[in-house]
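Per chain, numbering begins at 1; letters A, B, ... match sequence-line order.
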Protein chains: 2
Amino acid sequence: MIESDELLSIRAAELYYEEDKTQDEIGSILALTRWKVGRLLAQAKASGFVRIEIVHPRARRLPVERRLRETCGLADAIVVSTSGVEDQDELQSRTAQAAADYLATLRPVPRTLGISWGRTLDDVSRHLHDGWAGGVDVVQINGGVSLNRRAGTAASTAVTIAQKGGGHATLLPSPAILERLETKRAIESDRAVSAVLDLASNADAYLFSAGAADATSVLVDSGYLTSDDVAGLVRRGAVGDVVGRYVDGAGAIVDERLDERTIGLPLESLRAAQLSIAVIAGAAKHAVARAVVASGLCTVLVTDEETALHLIENHPSVPDSEGQRGTA
Amino acid sequence: MIESDELLSIRAAELYYEEDKTQDEIGSILALTRWKVGRLLAQAKASGFVRIEIVHPRARRLPVERRLRETCGLADAIVVSTSGVEDQDELQSRTAQAAADYLATLRPVPRTLGISWGRTLDDVSRHLHDGWAGGVDVVQINGGVSLNRRAGTAASTAVTIAQKGGGHATLLPSPAILERLETKRAIESDRAVSAVLDLASNADAYLFSAGAADATSVLVDSGYLTSDDVAGLVRRGAVGDVVGRYVDGAGAIVDERLDERTIGLPLESLRAAQLSIAVIAGAAKHAVARAVVASGLCTVLVTDEETALHLIENHPSVPDSEGQRGTA
DNA sequence: ACGCGCCGTGCTCATATGAGCAAAGATCCC
DNA sequence: GGGATCTTTGCTCATATGAGCACGGCGCGT
């Protein structure tokens with residue numbers, strides 16, 4: 001009879017969800033009391049026979065968000081639906097939109113927001129709506145002067161976010177990575193730079209993304225690193241970069257020498273922050289996302305469903321510096 | 001504001017369906033009255049943002065059934081879900097199961113049931129449960145003596161259906177297709193055969209399948225026709241066979257000469273029947289299914305979702321003897 | 001500018017649904 | 001076989017939801 005109950009619950013679910021019948025009506029169709037029908041329906045839902053999905057570019061996945069928050073100990077998690085996503089761009093765009101939405105609904109509104117730069121952040125800036133905040137000061141947290149045609153993207157990201165938020169942007173007037181340690185120390189001690197870094201380290205909130213450890217990285221594209229450099233980092237365990245710094249699966253700096261030449265907020269400041277929002281989407285970034293979450297670099301993660309499920313399944317709370325390398 | 005309403009309805013749907021919040025709770029979360037939330041939810045459903053699907057091997061697609069009934073003028077339609085189907089066998093099996101279920105719930109229970117034979121019908125017979133009817137006489141409606149190793153399948157199908165239904169089977173002791181017209185006439189006039197045909201033509205209900213017009217047909221497999229014969233029929237417009245008779249897209253006999261040598265109930269008897277149930281599944285059979293439905297060979301169709309949607313989209317009520325050939 | 005009509009809103013009331021409970025069956029162990 | 005226990009069933013009552021309606025704001029035409 002357990003078998004026939006299952007079948008009945010399917011028939012009931014069909015009538016209830018597809019034909020919009022009332023439980024009472026279903027009762028008389030299937031010759032059952034309406035209470036039995038109610039229980040059958042509950043059973044069908046509990047057994048997962050009834051799948052309810054919300055299909056919309058801006059739909060989120062609340063149950064996944066909850067699981068992600070819980071298994072990864074995040075303060076908050078925003079997971080966008082991947083259903084109906086056609087390409088990588090669509091996914092990026094949806095995630096950026098969600099990040100923008102999240103930023104706009106933050107209460108209290110941060111007075112100072114530290115941001116990194118890159119493709120993702122730029123996307124977020126474009127998806128924000130005018131007046132998303134009543135006066136935010138935006139400050140760059142890592143070196144933002146590009147070496148090539150892309151110059152200006154980093155600046156425009158910051159400026160856009162600030163303008164739309166009714167505040168102004170403070171740029172970090174420095175390259176991301178210097179060639180010599182001495183130059184880095186020199187530039188870092190320059191008031192124009194150190195003042196910005198001070199401001200950055202006192203921001204109310206941080207918003208940053210992460211890059212995958214491969215040749216498509218903005219750091220390669222901007223000329224700071226060569227593909228070979230990145231390949232070398234990967235060999236040493238790098239899974240991606242966070243605000244310009246390459247980390248391994250456990251979120252530790254891969255190459256101290258390189259890191260010392262990198263200008264920007266140290267990762268420890270992100271870890272210590274009250275509110276730091278990471279925006280990371282796409283299969284290529286699963287490994288970095290895991291490192292970011294596992295090592296506590298963010299308190300809030302905005303990501304896509306697939307990445308979220310990957311994180312949940314791979315319990316990032318038990319980091320493993322081997323593992324995920326090369327998943328991209 | 002219309003835009004923001006859409007977004008709100010998505011948020012509301014997320015909270016309602018994924019988080020099991022009450023409309024009232026959602027109201028306080030989104031700062032809306034519960035009536036507004038109700039309307040938003042209704043809007044989300046109406047716009048198709050909320051997709052509810054019942055995933056189960058024995059799930060049916062009631063809305064599709066309704067549309068199929070309406071657009072094709074069927075007395076009834078049974079459409080099985082294709083979600084999660086792994087292979088052709090699974091699809092066949094689900095459809096056969098559904099046909100068996102339908103047969104078992106028929107009221108009034110037919111006293112005499114005319115059946116064809118083949119892979120599909122055999123599947124149906126195996127999915128029926130013991131005691132599905134309290135005494136049905138099963139009679140074959142087309143020639144059932146196979147020429148090769150498969151001999152007996154046709155007989156066993158009929159016997160199984162009859163046994164499980166507490167009745168007995170009447171087999172048609174004749175080949176499906178004779179080589180010479182004279183032989184066919186002779187055998188047809190033999191009492192042993194004509195009595196069965198008489199019985200068949202007076203059946204309360206018919207249950208049959210259809211074959212695609214290709215070399216995989218049981219008629220080829222059983223040695224009645226060669227692949228070349230079938231290819232020739234296809235060139236002349238055949239889309240498949242129904243109880244051993246090849247028909248074109250409009251349901252008309254393709255080759256009168258061949259048809260005259262075919263033993264069994266004429267298609268007109270199926271068209272005139274009160275209740276004739278066709279069981280047809282799989283992409284290879286879309287074209288025959290269309291012909292069967294369009295030409296009124298069945299009053300009830302048991303099929304899979306894809307085939308059903310194909311039929312609905314291709315309005316079989318406006319038959320087109322060209323068209324679907326070769327869709328398989 | 002004024003009145004008209006339409007749309008969106010929040011309401012009342014009827015209905016549908018779910019929680020909790022007591023009785024009836026089924027099951028199991030002795 | 002008999003009693004104890006556990007499950008299933010049908011109920012009562014509280015709650016959630018949907019239909020229909022009256023009101024108010026908004027845009028439109030004159």
Side-chain angles (χ1 to χ4, degrees), chain A residues 1-56 58-63 65-66 101 104-105 129-131, chain B residues 1-56 58-63 65-66 101 104-105 129-131:
Chain A
M1 273 301 156
I2 179 79
E3 152 83 25
S4 90
D5 250 25
E6 183 171 313
L7 187 54
L8 269 182
S9 76
I10 295 302
R11 296 280 160 265
E14 285 163 0
L15 292 163
Y16 192 71
Y17 293 107
E18 300 192 327
E19 296 287 86
D20 293 309
K21 304 256 182 227
T22 162
Q23 297 188 3
D24 221 352
E25 289 177 293
I26 298 170
S28 50
I29 292 170
L30 301 179
L32 300 165
T33 62
R34 71 186 186 77
W35 296 281
K36 177 75 180 171
V37 174
R39 281 176 188 127
L40 249 20
L41 250 19
Q43 187 189 317
K45 246 204 274 190
S47 318
F49 299 147
V50 179
R51 167 177 299 164
I52 302 184
E53 200 186 351
I54 294 159
V55 283
H56 192 281
R58 297 181 72 170
R60 284 164 49 185
R61 284 287 111 100
L62 267 19
E65 292 181 1
R66 180 205 301 283
D101 289 346
T105 54
H129 61 261
D130 272 316
Chain B
M1 273 303 154
I2 179 80
E3 151 84 25
S4 89
D5 251 24
E6 182 170 313
L7 187 53
L8 269 181
S9 75
I10 296 302
R11 295 282 159 263
E14 286 163 358
L15 292 164
Y16 192 71
Y17 293 107
E18 300 192 328
E19 297 287 86
D20 293 310
K21 304 258 182 222
T22 161
Q23 297 188 4
D24 221 352
E25 289 177 294
I26 297 170
S28 50
I29 292 170
L30 301 178
L32 301 163
T33 62
R34 70 184 187 77
W35 296 282
K36 177 74 180 170
V37 174
R39 285 183 240 266
L40 248 19
L41 250 19
Q43 187 189 318
K45 246 204 273 187
S47 318
F49 299 146
V50 179
R51 167 177 300 163
I52 302 184
E53 201 187 349
I54 294 158
V55 283
H56 191 281
R58 296 181 72 170
R60 284 165 48 185
R61 284 286 110 99
L62 268 17
E65 292 181 1
R66 180 205 300 284
D101 288 346
T105 54
H129 61 261
D130 272 316

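- With sequence neighbours left out, the salt bridge (Lys or Arg N to Asp or Glu O under 4.0 Å) criterion links A:R66 to B:E19.
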What N/O pairs connect the protein and nucleotides 21-25 of chain D at under 3.5 Å? Give each pair on its own line.
none

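- Among A:H129, A:R60, A:R58, the one residue that satisfies the side-chain hydrogen bond (donor to acceptor under 3.5 Å, both in side chains) test with A:D101 is A:R58.
- For B:F49, the ring pair (Phe, Tyr, Trp, His ring centres under 6.0 Å) partners two or more places apart in sequence, or in a different chain, are A:H56.
- A salt bridge (Lys or Arg N to Asp or Glu O under 4.0 Å) check over residues 34-44 of chain B, counting only residues at least two apart or in different chains, returns the pairs B:D5-B:K36.
- Distance CH2 (A:W35) to C1' (D:dG10): 6 Å, rounded to an integer number of Å.
- The nucleotide range of DNA chain C contacted by chain B, defined by atoms under 4.0 angstrom from heavy atoms of the protein and reported 5' to 3', is C:dT9 to C:dT12.
- The distance from atom CD of B:E6 to atom CD of B:Q43, rounded to the nearest 0.5 Å, is 7.5 Å.
- With values rounded to the nearest 0.5 angstrom, A:L8 atom CG is found 11.5 Å from A:L41 atom CG.
- DNA chain C lies under 4.0 Å from no heavy atom of any residue of residues 17-31 of chain B.
- Note on residues 20-32 of chain B: no pairs pass side chain to side chain donor-acceptor pair (under 3.5 Å), not counting sequence neighbours.
- Side chains of A:E53 and A:R61 form a contact here, defined as non-hydrogen atoms less than 4.5 Å apart.
- A distance of 9.5 Å separates CD1 in B:I52 from OH in A:Y16, rounded to the nearest 0.5 Å.
- Here A:I29 contributes atom CD1 and A:L15 contributes atom CG; the two are 5.0 Å apart, rounded to the nearest 0.5 Å.
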Stepwise side chain to side chain contact (heavy atoms under 4.5 Å, CB included) check, B:L30 with B:V37: CA-CA 9 Å; B:L30 301 178; B:V37 174; 5.6 Å; no
Test side chain to side chain contact (heavy atoms under 4.5 Å, CB included) applied to A:I26 and A:L32, step by step: CA-CA 8 Å; A:I26 298 170; A:L32 300 165; 5.9 Å; no
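- Each end of the helix from C:dA1-D:dT30 to C:dC30-D:dG1 gets its own rotation axis from five pairs of C1' atoms, and the angle between them is 30° to the nearest 10 degrees.
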